[in-house]
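Start at 1 with the first residue, then count along the sequence.
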Amino acid sequence: MTELRCRKTDTSEGATGEDEGQIEPEVQTADTKEPVNTEEDEGSVSIGGDGGDKRQKDEGQDAHHKEEESNRPESAVKRSKSSSASVFLQRLVRVFFGFLAAVACGILYAAYLSAYHDRKFWFSTRQELEREITFQGGSGVYYYYYKHMLTVPSFERGFYELTLDNRTISGQTINAVERLSLYPELITSYIYRVTDSQDFVEPIYFYVGAVFGLQAVYVTALFVCSWVMSGTWVAGMLAVAWYVINRPDTTKVDFAIPLRDNWALPYFSCQVAALTGFLSNNISSATEMFCYLTMSVTTFTFLLVWEHSHYVLFIQALCLFLLDSFDLVPPRKQKMKKGPLVARVMKLFLHFHLVFTTAITFSYLVKKLIPVSESDFILKFLEVKFGLNTTTDFITNFLMCQESFQTPSQDLFLRLTQASVLPFYLLVLTVCLLSTLQTIYRRLSGQPMKTNIRLEDGRIGEQPEVIYHVFHTLLFGGLTLLFDGMKYLWTPYVCMFTAFGVCSPDLWMTVFKWLKLKSIHPVVLSLILSTAVPTIIGFSLWREYCPRVLAELSDVQEFYNPDTVELINWIKSQAPVAAVFAGSPQLLGTVKLCSGSAVTSLPLYSDINLLRRTEDTYQVYAMRSAEDIYKILTSQKTNYVIIEDSICNELSLNKGCRIKDLLDISNGHVIHDKGEIYSFSKHGRFCHEIKMNYSPYTNYFTRVFWNRSYHVYKVNTVISFQY
């Protein structure tokens, strides 16, 4: 029932004479007699018995708003609808151009990678064999399976052969799909076959193009992630610029295209971008559901294509665990219909993600490491890594000497500083971390988190997506300080996180709130700085690095390895098809790719059994007798052994990490005298002695090929003792 009252307005001190004594109507409805508290409980979730009361209040509020709208003048309603449509149109235009810029950055980066790769390796002018040799670091073994899937009569037949593969590692039948994570090759070869792409593109170009396309998705996801957090797509462009400038520390795609990292990390980037949007407060239920589905698909794909994805997801689960432990993920606003359901789904996802990734990580560890004779291998490795113990074990010391497991050099931080990333990163991280600690303190004190944070509040640490990325960058940054290989998971998000910070008015407003700035309006100044600082940074980067990037495309480089080409041609023309080759894992990866011959080991450092076989094969560079080497090679059913002069005659300042030094330490052929280390044995170094062509080496081995870099010896099946 509507009640009409008349009240006389108070005469203010500065009121005009026309306003004095003016009578104005006051409309009051029965629904508005009870005060409605919408300020404190705006972001709370109704649970238990309060749900019915809340719904009744919401229905009363809706009826009240409808009655108010009915009492409004028709012109006011039209203006309100027109204003809402205008705001929606502006937002739609901003989103459209933002996504257009993100996609354009991704396409330009893929085109740049393609042009740079072609100029570096002369890829378009090489023959097929020379192109395959450019897959460095032993990564070419993955491309071999892609070629194999294109040569078999049917996809089903090829998949069956890979699950029961006895033509890769001598004396073993393996499930190559599971052991080598060959799902990218399976999917790519399937698409190549069903689309009849052989009519207009070569297989190797299709494969390389697929990887470069994923790199475009990678930078697009970084763009979107920075854009979602800052609210401006200028941050996305700055993140992509920093990513490209710091390419040696953000990606391995320059020198080893088929590596699992290059296939997997784009999916992880999409998952992080979706998680960032999922944690944001100012999104709709439909957007939340889209982010949830994207997270599910990308997480599943990430697990499939990379054998180390379990560890990465475990670290991410720790970040979400910290969010959940401190209750830093506020429920959705109460005015959203299905708000409680969305909040519960989000809570359920956080718990599920944590439990799921923790479970699969430990099950992966048990599956991969416990059956091995040395079940404490990881513990031993960590003890040696942190200086708590020493060991003579070859595999442990061999992994310690790999660049990925060493501590990063100062050059990494120097490069990041020269590109202006590191100074601004430290500034952004400091502000966000301190604000996050304030938020944690308020939550522990019982204060609720605000969901409708305004710019003038100056609380960047109360945004859940910002808190997550603070934990994310701290954990991965700490691991990068221990292992250089972790920089490929840390540096791209350093670029993204820094770009978000310098472009975010909330960050500058938080600083001014702490400083209690009064001379200039802090909101205006924060808006100015969030535009001026990235503009200055972008201009300086354009001026300094744009000529360098263009120079990389114009400089004519040459990558040519005639000795390796000659070796592969000899294997393909002279060696039997069923021959088994032994050598270094990197070289064996190339041999397997180009010739298809079986090998004794592969360049997989996550498989302890293959590492043991690698140790046995490397004994050709140790101080062992010809008889010992012959027994080792015949136990692996080796027909030919390849000795590399680059390993046998290796000269390095870091003597402790040379292959022959590691073997001497493992075999007990090291003598310490007055602080110096000397190698001593009654036998000479095998790789040197066998080149002398005297007995007993000629009794066991026959040299069949040699050039400046390689010596190939046939392992005699019949031993002839000639002196």
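Checked against a 6.0 Å centroid threshold, the rings of Y146 and Y143 count as neighbours. In this structure, F121 has its ring center under 6.0 Å from that of H117. Checked against a 6.0 Å centroid threshold, the rings of Y697 and Y713 do not count as neighbours. Between Y218 and F268, the distance separating the two ring centers is not shorter than 6.0 angstrom. The aromatic ring centroids of F686 and F701 lie less than 6.0 Å from each other. The aromatic ring centres of W263 and Y207 sit less than 6.0 Å apart. The aromatic ring centroids of F255 and F135 lie 6.0 Å or more from each other.
By the side chain to side chain contact (heavy atoms under 4.5 Å, CB included) test, R157 pairs with P153, S154, E161, sequence neighbours left out. For T188, there are no side chain to side chain donor-acceptor pair (under 3.5 Å) partners two or more places apart in sequence or in a different chain. Under the ring pair (Phe, Tyr, Trp, His ring centres under 6.0 Å) criterion, F705 pairs with W570, not counting sequence neighbours.
Note: Y700 and Y630 have tilted aromatic rings, judged against thresholds of 30 and 60 degrees for the angle between ring planes.
Look at D393 and K380 and you find no salt bridge, because none of the NZ, NE, NH1 or NH2 atoms lies under 4.0 Å from a carboxylate O. Of the charged side-chain nitrogens involved, at least one lies within less than 4.0 Å of a carboxylate oxygen, so that E552 and R247 count as a salt-bridged pair. R708 and D645 are not joined by a salt bridge, as no carboxylate oxygen comes within less than 4.0 angstrom of a charged side-chain nitrogen.
Rounding to the nearest 0.5 Å places CD of E307 at 11.5 Å from CD of E178. Taking CD1 of I133 as the reference point, atom CG of L593 lies at 8.5 Å (rounded to 0.5 Å). For the atom pair T396 OG1 and K385 NZ, the distance stands at 13.0 Å (nearest 0.5 Å). Rounding to the nearest 0.5 Å gives a distance of 7.5 Å between CG of L164 and CG of N175. Note: K147 NZ to E185 CD = 13.0 Å, rounded to the nearest 0.5 Å.
Listed for the R613 side chain is no donor-acceptor partner under 3.5 Å among the backbone atoms of S601. A donor-acceptor distance shorter than 3.5 angstrom exists from the side chain of T480 to the backbone of F476, with no hydrogens or angles considered.
Between W306 and R260 there is a side-chain heavy-atom pair separated by less than 4.5 Å.
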